[in-house]
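When a ligand or atom number is given, it counts from 1 through the structure's own listing order. Scope of the values below: all heavy atoms of this structure, side chains included, with no hydrogens, waters or symmetry mates. In this text the structure is predicted, and so the values were computed from the model without any measurement.
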Amino acid sequence: MSSLSENIKHFEQLLEGTSSKLVAVSKTKPASMLQEAYDLGIRIFGENKVQELTEKYELLPKDIEWHMIGHLQSNKVKYIAPFVSLIHGVDSFKLLKEINKRAVQNNRVISCLFQMHIAKEESKFGLSEEELMDMLQSEAFKNLSNVKMKGLMGMATYTENEDIIRNEFKSLKTLFEKVKSTFSADNLDFTEISMGMSGDFKIALEEGSTMIRVGSAIFGARN
Ligand SMILES: *Cc1c(COP(=O)(O)O)cnc(C)c1O
């Protein structure tokens with residue numbers, strides 16, 4: 001059995017000398033465990049539920065970067081808008097407009113990623129390439145003054161077949177490059193590709209991930 005400190009050291013070494021970042025996915029884990037990880041040097045935590053995120057934000061040190069990695073409902077944006085560092089799961093224009101509105105109210109600019117549907121599975125959230133292009137071309141998008149779109153996020157199919165996973169990550173990287181070279185707007189600053197989890201972070205890093213979102217390989221299995 002490996003300990004939290006050994007797991008964290010493993011990822012630190014893996015990412016050393018690269019520009020890729022680790023998002024420690026702490027969902028379902030108690031605040032005491034996050035504090036332990038914080039004491040071991042972790043500063044970026046990912047959560048997927050708004051209530052859990054806000055509760056942990058209240059309890060833990062204020063220099064933590066909190067990433068919302070899960071599906072976000074528009075009516076809950078207001079609870080995280082004051083403090084969230086990055087929202088990975090922007091999968092509709094409606095949601096993005098709401099994030100912008102709440103960012104204005106809080107006098108902040110909120111960084112976000114577009115979540116793309118890259119997996120074969122029906123169940124995964126995310127935009128199609130066509131939906132993304134429509135959004136980026138619209139005047140309404142360019143007028144969103146208080147969001148900063150930092151890149152793309154995607155989840156690969158849950159499978160043992162590495163070729164499928166690799167091809168899905170490749171397609172996300174290709175789309176990232178396409179958007180970066182095609183569009184320019186004040187609220188567009190494409191630098192991040194959030195891809196890779198405990199089961200597929202190695203492939204994701206090989207395919208250009210700048211942010212891996214790792215939960216169980218750091219904190220242990222969830223119940
Ligand atoms: C839970 C979760 C992760 C981390 O999953 P692990 O397999 O435990 O590493 C990454 N991304 C998202 C969106 C998640 O919901």
Interatomic spacing from NZ in Lys101 to CG in Leu96 - rounded to 0.5 Å: 13.5 Å

At what distance is the nearest protein heavy atom to atom 12 (C) of ligand 1, and which residue and atom is it? Ile69 CD1, 3.5 Å

Give a yes/no verdict on whether any heavy atom in Arg222 is under 4.0 Å from an atom of ligand 1. yes

Where does the angle between the aromatic ring planes of Phe141 and Phe93 fall among parallel (under 30°), tilted (30 to 60°) and perpendicular (over 60°)? tilted

Mind telling me whether Trp66 and Tyr57 have parallel, tilted or perpendicular rings, with 30° and 60° as the class edges? perpendicular

Just which atoms of ligand 1 are under 4.0 Å from any heavy atom in Arg213? 4 (C), 9 (O), 10 (C), 11 (N), 12 (C), 13 (C)

Could you tell me, atom by atom, which parts of ligand 1 come under 4.0 Å of a heavy atom of Gly215? 4 (C), 6 (P), 8 (O), 9 (O)

Here the atoms of ligand 1 under 4.0 Å from any heavy atom belonging to Ser198 are 6 (P), 7 (O), 8 (O), 9 (O)

For the CE atom of Met153 and the CG atom of Leu127, what is their distance to the nearest 0.5 Å? 11.5 Å

Within the 4.5 Å heavy-atom criterion, are Phe219 and Thr28 side-chain neighbours or not? no

Counting from 1 in the order shown, the ligand 1 atoms closer than 4.0 Å to a non-hydrogen atom of Val214 are 9 (O)

Which residue and atom name correspond to the protein heavy atom nearest atom 14 (C) of ligand 1, and how close is it? Lys27 NZ, 3.0 Å

Parallel, tilted or perpendicular: ring planes of Phe201 versus His10, cut at 30 and 60 degrees: perpendicular

Starting from atom 5 (O) of ligand 1, find the nearest protein heavy-atom neighbour and note its residue, name and distance. Met197 CE, 3.5 Å

